[in-house]
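What follows is a single structure, written as structure tokens, with notes after it.
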Amino acid sequence: MNNDTIANILLTTILPGNFVLAMFLGMCPFLGVSQKLSTAVPMGIATAFVILVASVSAYFLNMLLVHFHLEFLSVITFITVIACAVQLVEMFVKKTFPELFRQLGIYLPLITTNCAVLGVALFQTARNYNFAQSLAYSIGGGIGFTLALILMAGLRERMQLSNVPTLVQGAAISVILGGLLSLSFMGFSGIGGGE
Amino acid sequence: MSAPSNFDEFLDGIWKQNPIFVMVLGMCPTLAVTVSAVNAISMGLATTFVLGASCLLVSLLRHSIPKQVRIASYIVIIATFVTVVDYAIQAISLDLYEALGAYIKLIVANCILLGRAEAHAAKNPPMPAMLNAIGMGFGFTLGLFAIGCVREILGAGKLFDISLFGPHFQPWVVMVLPPGGFFVLAGWLIVFAAFDHYKTKRTLGVQA
């Protein structure tokens with residue numbers, strides 16, 4: 001059905017079709033964990049890994065569901081697989097990097113309810129991507145998410161030195177920053193054949 | 001005795017703990033589907049239904065769900081109702097279904113749902129739990145509607161598909177594009193902060 005080349009998909013999901021800034025997936029960690037670069041980077045990598053695992057398993061699960069005509073179970077099965085993948089990552093991080101585990105706190109288990117993860121699984125199914133395309137889509141999505149998180153964290157670290165009006169402090173200024181980033185990412189539109 | 005407190009539970013979500021403007025939760029659908037007021041309202045109502053139904057079920061089952069697997073159980077309950085809504089919307093209006101796209105299924109991943117199930121429904125009897133959930137749902141709908149209106153008026157010069165400014169209006173296209181969503185949300189957050197600021201200043205003034 002879908003003839004997008006792998007390079008197209010990869011470029012599109014990283015720049016003009018960025019999950020966070022153009023499709024609004026994964027806003028919670030984008031606003032929640034982007035205070036410091038030191039937590040934004042591992043959070044981005046952890047999420048990218050979960051996105052990859054979720055995408056691969058969703059691809060095969062979907063084949064299974066289509067085969068048995070059980071498409072209506074897709075949401076339930078996808079979210080269950082994602083929850084398991086997140087549990088895996090959580091145990092791994094807790095064992096290997098206990099310090100990091102404390103810093104990420106509640107946001108690590110919350111990757112389960114990160115729309116970006118479920119979004120990849122749903123969109124790749126909706127667009128009838130084949131296996132290679134799905135892989136490119138999830139890898140691009142993960143890189144794009146990490147990129148957005150890092151850019152945001154860098155901006156917010158700078159923000160601490162500037163004098164923000166009282167009314168705009170907190171969530172509002174982060175949302176405005178997000179808007180500016182999104183505006184600048186729109187400049188990439190057209191790269192990768194467009195949406 | 002319980003009637004007024006139940007009503008309070010209901011109002012809590014609409015104003016004092018409004019999920020969008022006060023708690024800043026559920027941002028993904030907030031920004032993604034609010035290009036028009038109709039989309040915003042339907043998304044809000046769909047979320048309200050899932051929220052009410054799943055909180056009711058979680059609350060009814062709160063003594064039988066083991067603590068260790070509670071999150072997984074909540075997610076499965078929520079996913080069930082989301083599937084119901086997904087198919088219902090597809091049956092009612094195909095246009096709407098295409099406009100909202102995968103974001104209906106993404107209600108599963110809305111933090112408000114899991115947050116409500118964990119923080120409120122799991123600890124309270126069915127009635128207040130459901131009222132609180134529906135109140136939250138209406139608060140969410142209100143927030144979506146507020147953002148959707150502004151974006152549709154500025155970005156398309158229309159409201160509910162009725163042209164407002166005549167044929168010579170030059171639409172402010174960026175408002176219906178992704179950055180517009182961020183800016184309108186930021187605008188509303190500032191309005192709420194200003195309101196809060198004014199109120200605290202007034203109460204402090206009265207005390208002094």
Side-chain angles (χ1 to χ4, degrees), chain A residues 17-28 30-32 71-80 82-84 86-87 109-119 121-123 125-127 165-186 189, chain B residues 20-34 69 71-72 74-87 101-115 174 177-198:
Chain A
N18 190 292
F19 274 10
V20 181
L21 298 169
M23 293 168 74
F24 303 120
L25 299 171
M27 292 299 301
C28 300
F30 179 63
L31 296 175
E71 287 94 339
F72 61 90
L73 283 178
S74 61
V75 178
I76 301 182
T77 42
F78 289 172
I79 196 82
T80 316
I82 291 168
C84 296
V86 170
Q87 196 76 52
L110 272 184
I111 298 179
T112 313
T113 54
N114 186 328
C115 335
V117 182
L118 187 62
L122 291 174
F123 280 115
T125 316
R127 293 182 186 181
T166 341
L167 279 185
V168 196
Q169 270 169 12
I173 190 70
S174 325
V175 176
I176 293 175
L177 280 180
L180 291 175
L181 268 181
S182 169
L183 205 58
S184 55
F185 266 61
M186 267 176 62
S189 58
Chain B
I20 295 184
F21 298 128
V22 181
M23 302 203 293
V24 200
L25 285 178
M27 286 295 107
C28 319
T30 308
L31 295 169
V33 299
T34 50
V69 293
I71 302 283
Y74 299 160
I75 284 186
V76 173
I77 291 174
I78 293 168
T80 313
F81 285 110
V82 169
T83 312
V84 171
V85 165
D86 190 45
Y87 277 78
Y103 288 98
I104 305 172
K105 287 182 180 151
L106 283 176
I107 296 178
V108 183
N110 192 325
C111 339
I112 300 172
L113 287 150
L114 201 59
V174 75
L177 293 174
F182 282 105
F183 292 135
V184 174
L185 174 64
W188 278 111
L189 285 173
I190 294 171
V191 168
F192 265 69
F195 185 75
D196 224 36
H197 184 71
Y198 172 72

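Of the listed residues (B:G180, B:A79, B:G181, B:A193), the greatest number of heavy-atom pairs within a distance under 4.5 Å of chain A belongs to B:A79. Contact tally against chain B (heavy-atom pairs below 4.5 Å) for A:I79, A:V117, A:I82: the top residue is A:I79. Interface remark: of the candidates B:A194, B:G187, B:A186, B:A186 forms the most heavy-atom pairs closer than 4.5 Å to chain A.
Scanning all heavy atoms of the two residues, the minimum distance from B:P179 to A:G179 falls at CB-O, 3.8 Å. Listed here is the closest heavy atom pair of B:K105 and A:L118: O-CD2, 4.0 Å. Nearest heavy atom pair, residue A:A172 against residue B:I190, reads CB-CG1, 3.9 Å. Between B:L106 and A:G119, the closest heavy-atom pair is CD2-N, 3.7 Å. The minimum heavy-atom distance linking B:P178 with A:A22 is given by the pair CG-O, 3.5 Å.
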- Audit row: B:D86, A:V75, side chain to side chain contact (heavy atoms under 4.5 Å, CB included) steps and yes/no: CA-CA 10 Å; B:D86 190 45; A:V75 178; 5.6 Å; no
- Query: Hey, mind stepping through A:L25 and B:Y103 against side chain to side chain contact (heavy atoms under 4.5 Å, CB included) and telling me if it holds?
  - Reply: CA-CA 10 Å; A:L25 299 171; B:Y103 288 98; 4.0 Å; yes
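At a threshold of 4.5 Å between non-hydrogen side-chain atoms, the residues B:T80 and A:I76 count as touching.
Contact annotation for A:F123: only side-chain heavy atoms (C-beta onward) come within less than 4.5 Å of a heavy atom of chain B. Interface residue B:L177: only side-chain heavy atoms are found under 4.5 Å from chain A. In this structure, the portion of A:L122 lying under 4.5 Å from any heavy atom of chain B is its side chain and not its backbone. In this structure, chain B has heavy atoms under 4.5 Å from both the backbone and the side chain of A:L180. In this structure, chain A has no heavy atom under 4.5 Å from any part of B:F192.
One distance of note links CG of B:L189 with CD1 of A:I173; it measures 11.0 Å at 0.5 Å rounding.
Judged as a ring pair (Phe, Tyr, Trp, His ring centres under 6.0 Å), and not counting sequence neighbours, B:Y74 has no contacts. A search for ring pair (Phe, Tyr, Trp, His ring centres under 6.0 Å) contacts involving B:F182 returns A:F24, not counting sequence neighbours.
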